> 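Have a look at this one.
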Amino acid sequence: MKLVRPVLLNLITWSLVLLISFPLLWMIVTSLKPQTELFRIPPTWVPETVTFEHYWRLLSETPFLRYFRNSVVLASTTTVFVVGLGTLGAYSLVRFRYRGRETLAMLVLFTYLLPSVVLIIPLYLMMVSLGLSNTLFSLILAHTTFALPYALWLLRSFMEGIPVDLENAALVDGASRMGAFRDVIFPQLLPGIISTALFTFILSWNEYLYALVLVNSDAVSPLTTGVMSMLISAFNIEWSLLMAASVMMSLPLIVVFAFLQSYLTSGFGAGGVKG
Amino acid sequence: MANVIFKDVHKRFGSFVALEKLDLDIHDGEFVALLGPSGCGKSTTLRMLAGLEFPTSGEIRIGDRVINDLAPGKRDIAMVFQSYALYPHMTVGENIAYPLKKRGIKGKARAEAVQKAAELLQLEALLDRKPKQLSGGQQQRVALGRALVRDPQVFLLDEPLSNLDAKLRSYMRAELIELHARLGKTMVYVTHDQLEAMTMANRIAVMHGGRVQQFDTPDAIYNRPANRFVAGFIGTPPMNQIDGTAEGDHIVISGHRIPFNRADFVDSLADGPVVLGVRPEFVAIGSGDGLPATVRLAENTGHETIVTLELPDQTRISARVEAARKLDVGQKVALRFDPAAIHLFEASENGTRLNLDETPAAVIPMRAK
Ligand SMILES: Nc1ncnc2c1ncn2[C@@H]1O[C@H](COP(=O)(O)OP(=O)(O)OP(=O)(O)O)[C@@H](O)[C@H]1O
Ligand SMILES: [Mg+2]
């Protein structure tokens, strides 16, 4: 009797894990199979011959590396913007008292609730009138507006957890406001900053819709739209190349995740409870 | 010279008046306690002195400098926060060194100062620990260490002992008294614990509702309270206050006439309603002639008994008697008050005291300055 519960629980958990990881595994396996083995029925679970030719082709014969570089620039710049602005904004929302502070915070959250499809046309028109259409920078701005509200709320709840007296102590001890921020607030806020940065980076790295609408030149396309338009046409999908590209696209996120996942979960926890 | 002067200081938060007409003149080297119930403005006073809050009007000086608009770091003060506010990511050593670091003191001078502060507070063994790994008392000492490492002109302490257990608190109280004697620095100490204020301070500012009610020595605060608030705040149990009527050289309470010496009181004392104040230790419980009362409660603390008595008009007062005294609940007794120990107050809510002050009613042991 006593055994039933844990066994059942384990069964459910592992089936879920399997369900979720199967596409990932299949993606890796497929990317390593030679073209001839791809569509064999029944499928081979373990490739008979392992080949890296798709990866080689992807890197040498396609603009994959350029898309990759665009994505890196896009996601990291967005992250820097969002974390920078978010930290300053959260600091102001938590530490200073002014009229309309709460309303401002609510408004910010409200923009987060609007679906991006609604915002995308006005945003596009704005970019055009700013002369920024078809640039990576327009995407950076778009992603920033997109990720900032949530980041602000996440950082705000982290900031609220830092006692005001810590900062006051630093001021009395002779620090300037900036100094107190750097010496005392920042180290306390670091877990929040890291999880916000991760969240933003992932969001920006995977974003598709804005990239599709705001940018249509191949030179500034990020991975999501670049790879899609390159490998998926109306007549043909280059499965093996697509799988190799997918693996390489996932790689940075997996690496980042592996190292920083404890921050990420703590961040989502804090945001969930208080935000 | 590091005297501290508050001159006609007002502080408002929006429309809420937190402090009204605050005038304090704290002498160089003095240990002053700000004492009062929660919300009376003690912390606000201290925070204005620290530069963490700014006065709405008035002037604050340290020495001969007006510091109203000076940043906290420029005031040459050190502060111990109620929550200690130790920097969690720094070790004890780094915490203590921080104020020096911010003032550009480097290398050997810094290390030596930290070492000296650590020795003074017996923290040498803990220098490499993080605040989280310390007990409450140790954290408190680190906070003190961070304050005194740099030899400021004025120390500000905001309820530094309130998070400690009773035993540690009395130990730290003694430590602080000794520290003050050794350093001879001006200290401003916020507390709502009258025992701390009475035992540690040279002078106490009793505050209530944003106003200083009395600023005087513990002796004066206890024996010559300025008004009904101070009388009712100081002492455990505090001074009894009984509504009565002055008639010639008697106070009439519930039809019972209590004689008093009119010459000991101000001329303006007229016949009519007054409040009679008497400390529990000057209430004599007997039988026969006296103010009739009923025993309602007798609490034996070991070395004395606190008796709660009910007067005919249902006012409850307390008396302090020796522990051996046997009194039964419900017992009818007669009370007499030592005429020399009688205080009279105006009958208004926070009426001023009407005694002329040549005769301190009692003497309690005092700390020499
Ligand atoms: N930033 C602020 N905004 C509005 N009101 C405030 C602010 N700071 C303090 N007050 C109010 O001013 C009054 C005095 O506060 P203060 O903190 O000085 O009290 P205190 O005497 O230190 O009390 P406690 O013993 O509870 O610490 C309180 O009524 C408080 O609510
Ligand atoms: Mg306070």
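Computed from heavy atoms alone, side chains included, the values below leave out hydrogens, waters and symmetry copies. From a predicted model like this one, the values you see are computed outputs, not experimental measurements. First the proteins, then the strands, lettered A, B, ... as listed; each starts at 1.
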> Below 4.5 Å, heavy atoms only, C-beta onward: do B/L19 and B/R12 meet side chain to side chain?
no

> Would you please classify the geometry between the B/F31 ring and the B/H180 ring as parallel, tilted or perpendicular, with 30° and 60° separating the classes?
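Geometry flag for B/F31 against B/H180: perpendicular rings.
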
> For B/A78, which atoms come within 4.5 Å of any heavy atom of chain A: side chain, backbone, both, or neither?
backbone

> Residue by residue, which of residues 85-94 of chain B have a heavy atom closer than 4.5 Å to a heavy atom belonging to chain A?
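Result: B/A85, B/L86, B/Y87, B/P88, B/H89, B/M90.
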
> Are A/F68 and A/W205 close enough that their ring centres sit under 6.0 Å apart?
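Yes, the ring centres sit under 6.0 Å apart.
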
> May I have the step-by-step check of salt bridge (charged side-chain N to carboxylate O under 4.0 Å, His left out) for B/D158 and B/K42, ending in yes or no?
CA-CA 9 Å; B/D158 192 353; B/K42 310 178 294 283; over 6 Å; no

> Which residue is it: B/R146, B/K101, B/R75, B/K102? I am looking for the one with a salt bridge (charged side-chain N to carboxylate O under 4.0 Å, His left out) to A/D173.
B/R146

> Between B/Q115 and B/E112, is there a donor-acceptor pair closer than 3.5 Å when you use the side chain of the first and the backbone of the second?
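Between the backbone of B/E112 and the side chain of B/Q115 there is no qualifying donor-acceptor contact (under 3.5 Å).
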
> Less than 4.5 Å to any heavy atom of chain A: does that hold for the side chain of B/L52, its backbone, both, or neither?
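For B/L52, the contact with chain A is made by the side chain alone.
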
> Flag the pair A/F96 / A/Y91 as yes when their ring centroid distance falls below 6.0 Å, and as no otherwise.
yes

